Every structure is written in C-alpha cells, then in structure tokens.
Participant: 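For reference, the structure I am asking about is given below.
Please read all numbers here as calculations on a predicted model, not as lab measurements. What's counted below: heavy atoms across the whole structure, side chains too, no hydrogens, waters or symmetry copies.
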Amino acid sequence: MNEPLLNSYPGLRELEPGMLSRLLEGSRRVRLDGGSRIFGEGDACENYLFVLQGAIRVQKVSESGREIVLYRIEPGETCILTTSCLVSRQEYPAEAEVEQEVEALVVPRSRFHELLGASAKFRDFVFSIYGKRVTDLILLIEEVAFGRMDCRLAERLSQRAASGAPAELTLTHQELATELGTHREVVSRLLKEFERKGWVALGRGRIELRNPGELEVLARGKS
C-alpha cells in the first residue's frame, strides 16, 4: 500500500517518523464502480479520501435539476469540500460520484483529526493541497459569473472547424486559453466536460470534434 499511496501523494514522504504508519492503521483500501455515490448534499463527512486510481466528479445540482461540475478528484488530488467539512464539522453542500472506477484509501474522520493534531507535516500537506484547489474553484466562479466561458469555448471550436462537420483540430489547451483570455485550467476543465458529454475527444495537442452541432447550439447561448 505504501508505494501506490506515496507515488500519488509524494508529499506524504515528508511526514515525521511513524506518522505514515499511523495514517495507514485503521484506514482501508476500497474499489468503487463508475456511478457509485461518494457523498450527497446534506450528508455528514465521515472520511478523508486518497484517490489512487480513477476519477470522482464533484457537482452542485440546483432545485431545477441544473448541474455544474465544481471539480474532479484524480490521483494526487484531494476533495476540498471534504477537508472543509471535516475541519468545520459541517455537512456536505454538494454531491460526488465516481466518474471512472476508483481505487482509494479511506481514512476515518477520527484518524484524520488525530494526525492533524499530532503532525505538523500532515497539516502542511493537507492545507497545501486545499489551498491549490480553492484557487481552482475561484477560477470556476470567475468563469461562471463573468465569462460564460463554456459558450465562448464552444464558439471558438466551432469557428475553427468551420465546415460544421466532425473535425480534428491541432492545438493545445494553452493556445485556446490564450485566444480566449483565460487560464489553461479553465479550458481543460471545460474540455473534459465536453468530452464527458461526447462532444469532443481529447488527445495530446489535438481536439477531435465529434458533435459540432451540440457545440454550435451552446455557442449560440453566448452572453
């Protein structure tokens, strides 16, 4: 267990002597199928999760059923809502489900708090990742509040394709971000969502447009 965990979360190698063993004691390794629910809005937070394989999607769903993907959790990342809820002892304000089959280490709440109090290195690790993910979330808020970046990105892809037929574009996420005046992380997150819907397929330095019609529909909604 040590090596898969440390390969995904190298910051844990810096823990004080004996702390990694305490982390592993009482924790359990789990496999979760795609579509499995991790937590729902209003649920109590009982565990801290280290993702070793796969991906989890965290989203907020409105009363009307409209949803927005807040972020994904992949190996090397943690859930900022989980950290926040564990520290504040609040309930979850959103929901999460497995997007790709997940293998993870589940750390019980009691062990998480024990380590948080006993290990300065563990606190640094937890809040360093937390801080980076908060920054990502602020970028999402900026995108939603000010940009309708999903519409602008769809419009730009449609313009690049021109013909309206399926096409393969040779360009990077950074090039798109530069064209749109935004951050690469924003473009990458939106492209992953387009891929999940079957509108595009992503590769290194290329974007295949599989459903230009849906992209054009979204582009017409640009504010």
Participant: Should the ring pair Trp199 and Phe194 be called parallel, tilted or perpendicular, given that the plane angle runs from 0 to 90° and is split at 30 and 60?
Facilitator: tilted
Participant: Between Lys60 and Pro93 (side chain of the first, backbone of the second, donor and acceptor by atom type, cut-off under 3.5 Å), is there such a pair?
Facilitator: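 At least one qualifying donor-acceptor pair exists.
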Participant: Ignoring hydrogens and geometry, is there a side-chain-to-backbone donor-acceptor pair from His113 to Leu86 under 3.5 Å?
Facilitator: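 Yes: the side chain of His113 pairs with the backbone of Leu86.
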Participant: Can you check salt bridge (charged side-chain N to carboxylate O under 4.0 Å, His left out) on Lys132 and Glu185, steps first, answer last?
Facilitator: CA-CA 12 Å; Lys132 180 184 182 303; Glu185 293 82 0; over 6 Å; no
Participant: Could you pull out the closest heavy-atom pair between Asp43 and Gly40, with the gap in Å?
Facilitator: OD2-N, 2.7 Å
Participant: Start with the C-alpha gap between Val186 and Leu153, add the side-chain angles, then the distance that decides, and say whether side chain to side chain contact (heavy atoms under 4.5 Å, CB included) holds.
Facilitator: CA-CA 10 Å; Val186 171; Leu153 176 58; over 6 Å; no
Participant: Calculate, to the nearest 0.5 Å, the distance between atoms CG and CD belonging to Leu209 and Glu214 respectively.
Facilitator: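 Spacing of CG (Leu209) from CD (Glu214) equals 13.0 Å.
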Participant: Find out whether Leu24 and Leu5 are in side-chain contact, i.e. whether some heavy atom of one side chain is under 4.5 Å from a heavy atom of the other.
Facilitator: yes
Participant: Would you say that Phe50 contacts Leu23 through its side chain, given a criterion of any heavy-atom pair below 4.5 Å between the two side chains?
Facilitator: yes
Participant: Checking the side chain of Arg111 only, and the main-chain atoms of Glu25 only, is there a donor and an acceptor separated by less than 3.5 Å?
Facilitator: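 Yes, Arg111 side chain to Glu25 backbone: donor-acceptor pair under 3.5 Å.
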Participant: For the backbone of Glu77 and the side chain of Tyr9, can you confirm whether one donor and one acceptor N or O come within less than 3.5 Å of each other?
Facilitator: yes
Participant: Can you find a side-chain donor-acceptor pair between Ser119 and Glu16 that sits under 3.5 Å?
Facilitator: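 Looking only at side-chain atoms, Glu16 and Ser119 do form a donor-acceptor pair, the distance falling under 3.5 Å.
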Participant: So do the side chains of Cys85 and Phe39 get within less than 4.5 Å of each other, counting heavy atoms only?
Facilitator: no
Participant: Got a donor-acceptor contact below 3.5 angstrom from the Arg152 side chain to the Leu180 backbone?
Facilitator: yes
Participant: Just by distance, do the side chain of Arg123 and the backbone of Leu116 share a donor-acceptor pair under 3.5 Å?
Facilitator: yes
Participant: Which pair of non-hydrogen atoms, one from Tyr71 and one from Ile80, has the smallest distance, and what is that distance?
Facilitator: OH-N, 3.4 Å
Participant: Taking salt bridge (charged side-chain N to carboxylate O under 4.0 Å, His left out) as the definition, give me every residue that meets it alongside Arg72, ordered by chain and number, with sequence neighbours left out.
Facilitator: Glu99, Glu193
Participant: Could you report the tightest heavy-atom contact between Leu218 and Cys151, atom names first, then the distance?
Facilitator: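 Scanning both residues, the minimum pair turns out to be O-SG, 3.5 Å.
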Participant: Assess the residue pair Leu171 and Ile207 against the criterion (side chain to side chain contact (heavy atoms under 4.5 Å, CB included)); give the C-alpha distance rounded to whole Å, side-chain angles, the decisive distance to 0.1 Å, and a yes or no.
Facilitator: CA-CA 7 Å; Leu171 76 169; Ile207 302 170; 4.0 Å; yes
Participant: Do any N or O atoms from the side chain of Arg133 and from the backbone of Thr78 form a donor-acceptor pair under 3.5 angstrom?
Facilitator: yes
Participant: What is the minimum heavy-atom distance between Leu115 and Arg22, and which atoms define it?
Facilitator: CD2-CB, 4.1 Å
Participant: If only atom types and distance count, is the side chain of Glu195 paired as donor or acceptor with the main-chain N or O of Leu202 below 3.5 Å?
Facilitator: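 Answer holds: yes.
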